[in-house]
Each structure stands twice: as C-alpha cells, then as structure tokens.
Amino acid sequence: MSPPFAARLPQPPSSPVPPGPLPRLRDPMWQRGHTLLVVLMLITAVIGVVGAGFFAVGSGDAAGSGLSLLYALLPLPALLGCFFWLDRYEPEPWHYKLAAVVWGGVVAVAIALAAQIFVSETFDLSDPVLATFIAPVTEEPAKCLFLVLTFLRMRRVIDGVIDGLVFAGLVGLGFAFVENIGYYAGAYVGIDETGIEGAGATTVTFVLRGIMSPFAHPMFTAAFGIAVGLAVSQRSRLKRALLWSAGLLGSVLLHGIWNGGVSYLGGGGFLIAYAFTGLLLAATVVLAAVARRNQGRYLTRALTDIARRGWLVADEIPFIASLSYRRKAVKHARTHGGRISAKATRRYQRDAITMAFLYAGVIDRMPKPHAVERVDAFLAEMRILRPYAVLPPPLRFASPPVGPYGQGYGQTHGPGPYAVPPYGRAPSVPPGPAAPHYGMNTPYAPRPQPRPADVPPNAPGPDSPEPHRRE
C-alpha cells in the first residue's frame, strides 16, 4: 500500500498548467475483455439499426416507414435524459449505458420474438392469452438478463438502487423503441386494434404509446433493477437469489397487468391498468429522487472522511460532490487553463467520486472486488492529474457540519452540506495516533496530523473498532 499522496491546495487561476498533453493513464476500472465487448456492442447496434429499418418497412411505403421511425425517435431524447440525470452523482461508464439500450433494442427483442414465435406455432393460443401471459414471461427475462450479466461483471461499480434503476430503464427504453416501430408500422397498414389505418392510425398509436405510456417498459424492468440494487448489500447468496426472483416476478406481473387490462377489458381495462401503473410510476419516481439525494449525501460524507485522512484537500469537496459546482469547476478550468485543464478536471472529479464510493464500501464492510488496490490506483492517478486541474478558489459556507459518516445511508445531522465555516480553516488540536487500517496488511493511515474541526465526530478514526479485513 502506497502512502497517501499529499494533496495540494486548490490552484489559483493564475497557476500555470504543465505544458503538453495529459499523460496516458490506464483506467483503474479497466477490465479484461473491454475492447471485445465494445466491438460486439457496436456490431449489435448496427444489426439493430437494420432490424429497426425492417420493422419500419412493414408499413408498406416510404411515408409510413418514415412516420414510424419519426414517432419512435421523438420521445427518446427526453426519456434518455431522465435516466442520465438520475445517474449524475456517480456516472456509470458510457459504454455500459449504451450497451443497455442496445441490449434492450436488439438482443432482448430477438430473444422475446423467437420465444413468442415458437410458443404461438407450438400451441393454439388466442391473442389475449399471448399478450397477457406469454409476452411478459418472454420479454421481461430477456430484458432482465442484461442486469444479471452486468452485475456479475460490474459488481465493482454497481452500488445500489440508483444503478439498478438506470440500467433497467435504459434496457426498457431500447426495447420499447424497437417495439414501438413495429406497432406504428402495423397501425399504418391497419392491423392494430384502432380499426383505422394510415397516418391518423399511427398518430393515435403514438399518443397512446409514445406520450401516455412512454415509461411502461422501463417501469416493468425497474422492479428487477431495484431488486438488483438491493442485492448489492446482501452477503448471503440465498437472499440475493430471493431478491432477484422477487424482482423478476414483479416485472412479469406488472407487464401482465398492463397487457391484460387492454386484452380482456378493452378501453375501461386500459384506464384501470393505466391508473394502477401510473401510481406505481409515481412511487418509483419518488424512490429514485430520494435514492439520488441520499447518494449525494453519502458521497459527501465519504469525501469528508477521505479529506480527514489527508488524501484530499477539504476545499475540493464541493467541486466533486455538488453537481452544480462540478460544472462550475470545469468551466473555471477551461477559462483559466484551457481544454487540457478542463479535461483533467473532469477526470479528476470522476476518479475522486469512484474512489470515494470504493472507499465507503470498505469502511461499511461491503467492499467491491479489489477495492483497496483500486483506491490506491485512483489516488495515484489523481496525484498525476492534480497539477493539470485548475479549481476555483475555496468556497466559504456558513452552515453546520454534515452528520457522522457511516450512520445510515442518507441520514444527516445538520442542514449544511459541507463543513464548518470558514471551509477548511479549523483550529488545531493535538495530533493523535494514526488512523485504523483495513485490507490485507495495507494500512489506510495518513501521517500524524491535527484532526480538523470539519471532520464528522463519529467518522472512522483512532478509536474506531477493528476494521474489516478482506478475505
């Protein structure tokens, strides 16, 4: 374990940025097979584009095909923006988020379509039965499989409910996008339940699917996403399997209720199913908002404890933990240091965020794979990036300190988001013994130094119990 680096104070705007480009740095979160997965994802995306065009051609002419594609694309940017907004505190790798959309739109559609064709040709089932019972049982497992594979490969960065909701929602959006193209094309040629055809039928279908229920598929899969997020904190494989099973069952039931209301009860059933799923969607939105807020508070407390250990200057915390101050810091770096400095600042923020969540997992005795080594790797990379990052002058807050780190996810003991004013200027106290260590013979201890007043009083310190050791 390398000793913690001596983080430098934020540079004033006039500080020169080292000449030349940023050094080439290996991402500490890099995994074997990354390049292969990216290539496979791009190939699959190309296949998906061809498949979407095939579905659109089913409308019979160029006008119908163009209208089907247009209506499928119209709500997509706003819907994607919702999930990217939800993922802003700890952004997941872009290629995994893109892979979620591609999986939902290509792989999940292919699996579900093949299974439904097999069932319909093997058994003599009516359309309502196929829609209510077969479609949910074939489509939801196909979508949820991406989250299972992502969890198995990406446990090191999946931290909880937010990540599960984000990946589930993106898979659902990809699936709904391709499915909507098929429905719009079918409406154009008059093979849907509206009884009309042409552009008018396609527009009616767009209102029903693209405006009134755009979050239907994401919400169905969100039940499994929440279960995956909760399973992260479970050590028992049995509890994890039970959570996954309950989440999958919830996804299938929600999908079945939605389809069954329309298939068996007509317009009235649609209104009942719409009201029921609307209430569930509202509850999901509230859950997502609360979880997102708690994630920000959790990040702030972790960074505060990291600063106490001497691995980070406390004045930098707002420019890492606060979404608005992150943007201001990047803008400041671009103004006073140029494009290279802005790029270094963004990566410095990302490294600090990921390192903080890895560190918090160790302190909370739920470490990700190789968490200790990766914390060290991120600290080393931050030491290289810091001279290139030009942060704004330290902020001054007139607010009490945040609550003790580790007293529950999302709990606070004071209205202020950061430390005692003036931020980073605290009276000295006699130095105490080194902080405790964790990991396998790898002490996480700063050099003896005063304990600043902006440190949460119950944060892990010299008097903490014996920390967890990774097996």
Side-chain angles (χ1 to χ4, degrees), residues 1-5 7 28-29 89-90 155-163 229-235 291 293-314 316-317 320-321 350-380 382 401-414 417-419 432-449 451-452 454-471:
M1 171 69 64
S2 60
F5 68 91
M29 302 304 292
Y89 269 113
E90 188 198 7
R155 282 184 300 165
R156 62 192 61 182
V157 294
I158 292 183
D159 296 300
V161 173
I162 290 293
D163 297 335
L230 295 174
V232 172
S233 60
Q234 300 297 323
R235 300 178 183 274
R293 181 199 62 184
N294 291 347
Q295 189 180 43
R297 294 177 176 179
Y298 190 71
L299 173 61
T300 299
R301 283 198 303 276
L303 289 169
T304 301
D305 193 58
I306 289 169
R308 182 190 68 81
R309 293 177 179 270
W311 301 347
L312 189 74
V313 172
E316 298 178 357
I317 294 177
I320 298 171
R350 188 213 66 172
D351 287 356
I353 292 166
T354 308
M355 181 268 295
F357 278 102
L358 288 169
Y359 166 87
V362 176
I363 294 298
D364 290 341
R365 303 188 179 186
M366 293 184 296
K368 302 295 187 297
H370 308 291
V372 173
E373 293 84 351
R374 287 187 166 84
V375 167
D376 261 352
F378 276 113
L379 289 173
M382 290 168 64
V402 296
Y405 175 81
Q407 287 197 358
Y409 191 90
Q411 299 177 5
T412 58
H413 298 267
Y418 302 112
H437 63 275
Y438 63 82
M440 187 176 297
N441 300 321
T442 53
Y444 262 21
R447 300 178 181 88
Q449 57 184 353
R451 181 184 177 92
D454 61 347
V455 175
N458 295 332
D463 300 325
S464 300
E466 179 64 21
H468 172 67
R469 291 181 179 270
R470 189 166 50 83
E471 297 296 334

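On a predicted model such as this, the values are computed, not experimentally measured, just so you know.
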Side chain proximity check, E90 to D163, heavy atoms < 4.5 angstrom: yes
So L312 and M382, do their side chains get closer than 4.5 Å, heavy atoms only? yes
On a heavy-atom basis, which atom in [X] and which in [Y] lie closest, and how many Å separate them?
{"X": "V375", "Y": "Y359", "result": "CG2-N, 3.9 Å"}
{"X": "A307", "Y": "I317", "result": "CB-CD1, 4.1 Å"}
{"X": "A352", "Y": "L303", "result": "O-CD2, 4.0 Å"}
{"X": "Y89", "Y": "I353", "result": "O-CG2, 3.5 Å"}
{"X": "L230", "Y": "V161", "result": "CD2-CG2, 3.8 Å"}
{"X": "V232", "Y": "G160", "result": "CG2-N, 4.5 Å"}

Does the pair R309/D305 count as a salt bridge with the N-to-O cut at 4.0 Å? yes
Spacing of CD belonging to Q295 relative to OG1 belonging to T300, to within rounding of 0.5 Å: 10.5 Å
What distance separates D376 CG from L358 CG, expressed to the nearest 0.5 Å? 11.5 Å
Should M355 and L379 be marked as a side-chain contact (heavy atoms from CB on, under 4.5 Å) after you check the CA-CA gap, both sets of side-chain angles, and the distance that decides it? CA-CA 8 Å; M355 181 268 295; L379 289 173; 3.9 Å; yes
What is the ring orientation for F357 with Y298, classed by angle as parallel under 30°, tilted 30 to 60°, or perpendicular over 60°? tilted
